[in-house]
Amino acid sequence: MQIATWNVNSIRSRLDQAIAWLQSRPYIDILCLQETKVSDADFPLTAFTELGHFVYIYGQKSYNGVALIARQELTSIRTGFSSLLTDVAPELESQKRLISGVIADVRVINIYVPNGSAIASEKYEYKLKWLALLKSYLQEALKQEKNILICGDINIALEDIDIHDPSDRATKVMASDIERAALQEILDLGFKDVFRKFQSDDGYYSWWDYRAGSFRRNHGWRIDHHYLTADLYDRALSCEIDISPRKNPQPSDHTPVIVEL
DNA sequence: ATGGCTTCAGAATGAAGA
């Protein structure tokens, strides 16, 4: 089984690239998309369904938005925190950042974690609240299902080796101690970063800023992840960052990450 | 570098991303 995650930075702008990439990767069972940036009514469904894929979407106009593109029909689709939690604050439910479904014996939870803008900003506080709520959500999910795969644009680099230049990382969003601690609390529920099962070196990234020739110079960050519960982690056969789509004309600033179970 | 690009929405001396 292969699961991929890719922040496409607008599915309508990246539609041809997403289709071409899926066609070049016929064994991907689920492609988890983030930042689709489109309302459900305007999602380009037919491009995928014509290829025989099943499409599950949870989007909004302009910002955010997540989707599952699956080779087989998925079961038990859930969207938003309210699918498992009660009394979710409206501001944490209104941004469409979470969709999940079940394939075989695995629940795949696709998330787009808020960026946070800048440390101590209102958006940073929102990110921390969102992560705390995600922890509660995952505690509920783990009561029901043992095998869970979380993937997506996590917008946090947990280790210095995940950043091309960590020298001032403590002052930057995505690598501050508080964000790392919030993510570590989630991992401590029983999840492991499967990329590090296979690769312990630095220099492997999933996002490069559009500006300043960052990709050409490999000035990137590893912020797109697959986090697996114990049995899935043991079962994992590979985890690959495919940098080829980042080389396309008019690329997303993120590139896909694929795990094989 | 207070920014370098890119997207969306809608007409900004913009907002947001990361």
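Proteins come first, then strands; the chains are lettered A, B, ... in the order of their sequence lines, and each starts at number 1.
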C1' spacing across the pair B/dC8 / B/dT2, given as an integer number of angstrom: 24 Å
Integer-rounded Å distance: B/dC8 P and A/Gln60 CD: 14 Å
Exercise: do A/Thr5 and A/Gln34 side chains pair donor with acceptor under 3.5 Å: yes
B/dA16 to B/dG10 separation - P atoms, rounded to the nearest Å: 14 Å
Geometric class of the A/Trp207/A/Trp221 ring pair [parallel <30°, tilted 30-60°, perpendicular >60°]: perpendicular
Between B/dA18 and B/dA12 - C1' atom distance, rounded Å: 23 Å
Geometric class of the A/Phe48/A/Phe43 ring pair [parallel <30°, tilted 30-60°, perpendicular >60°]: tilted
Touch class at under 4.0 angstrom, heavy-atom based, for A/Glu35 against every strand present: sugar-phosphate
Under-4.0 Å side-chain N/O to phosphate OP1/OP2 contact, A/Arg12 with B/dT7: no
Sugar-phosphate only, base, or nothing, as touched by A/Lys172 at under 4.0 Å among non-hydrogen atoms: nothing
side-chain N/O A/Ser62 vs B/dA15 OP1/OP2, d < 4.0 Å: no
Sugar-phosphate only, base, or nothing, as touched by A/Asn7 at under 4.0 Å among non-hydrogen atoms: sugar-phosphate
Candidate pair A/Val173 and A/Ser117, rule side chain to side chain contact (heavy atoms under 4.5 Å, CB included), full reasoning: CA-CA 7 Å; A/Val173 73; A/Ser117 186; over 6 Å; no
A/Tyr227 six-ring face occupied by A/Lys192 cation (under 6.0 Å, within 45°): no
Donor on one side chain, acceptor on other, A/Asp29 and A/Gln2, under 3.5 Å: no
A/Lys37 or A/Met174, whichever maps to the more 5' nucleotide of DNA chain B: A/Lys37
Spacing of the P atoms in B/dA11 and B/dC5 (rounded, Å): 26 Å
5' precedence on DNA chain B between A/Gln250 and A/Pro114 (nearest-nucleotide basis): A/Gln250
Contact under 4.0 Å: A/Asn9 side-chain N or O vs B/dT6 OP1/OP2: no
Within 45° cone of A/Tyr112 ring axis and under 6.0 Å: A/Arg97 NZ or CZ: yes
Per A/Asp253 side chain, nearest of listed nucleotides B/dC8, B/dA18, B/dA9: B/dA18
Within 6.0 Å of CG in A/Asp87, more than 12 heavy atoms from elsewhere: no
Verify same cluster id: A/Leu158, A/Ile161 (apolar side-chain graph, 4.5 Å): no
Touch class at under 4.0 angstrom, heavy-atom based, for A/Tyr112 against every strand present: sugar-phosphate
Between A/Ser76 and A/Arg107, a side-chain donor and acceptor under 3.5 Å: yes
Range-with-range stems for DNA chain B, at least three Watson-Crick or G-U pairs under 3.5 Å: B:5-8 with B:14-17
Contact residues, residues 206-217 of chain A to DNA chain B [heavy atom, < 4.0 Å]: A/Trp207, A/Tyr210, A/Arg211, A/Ala212
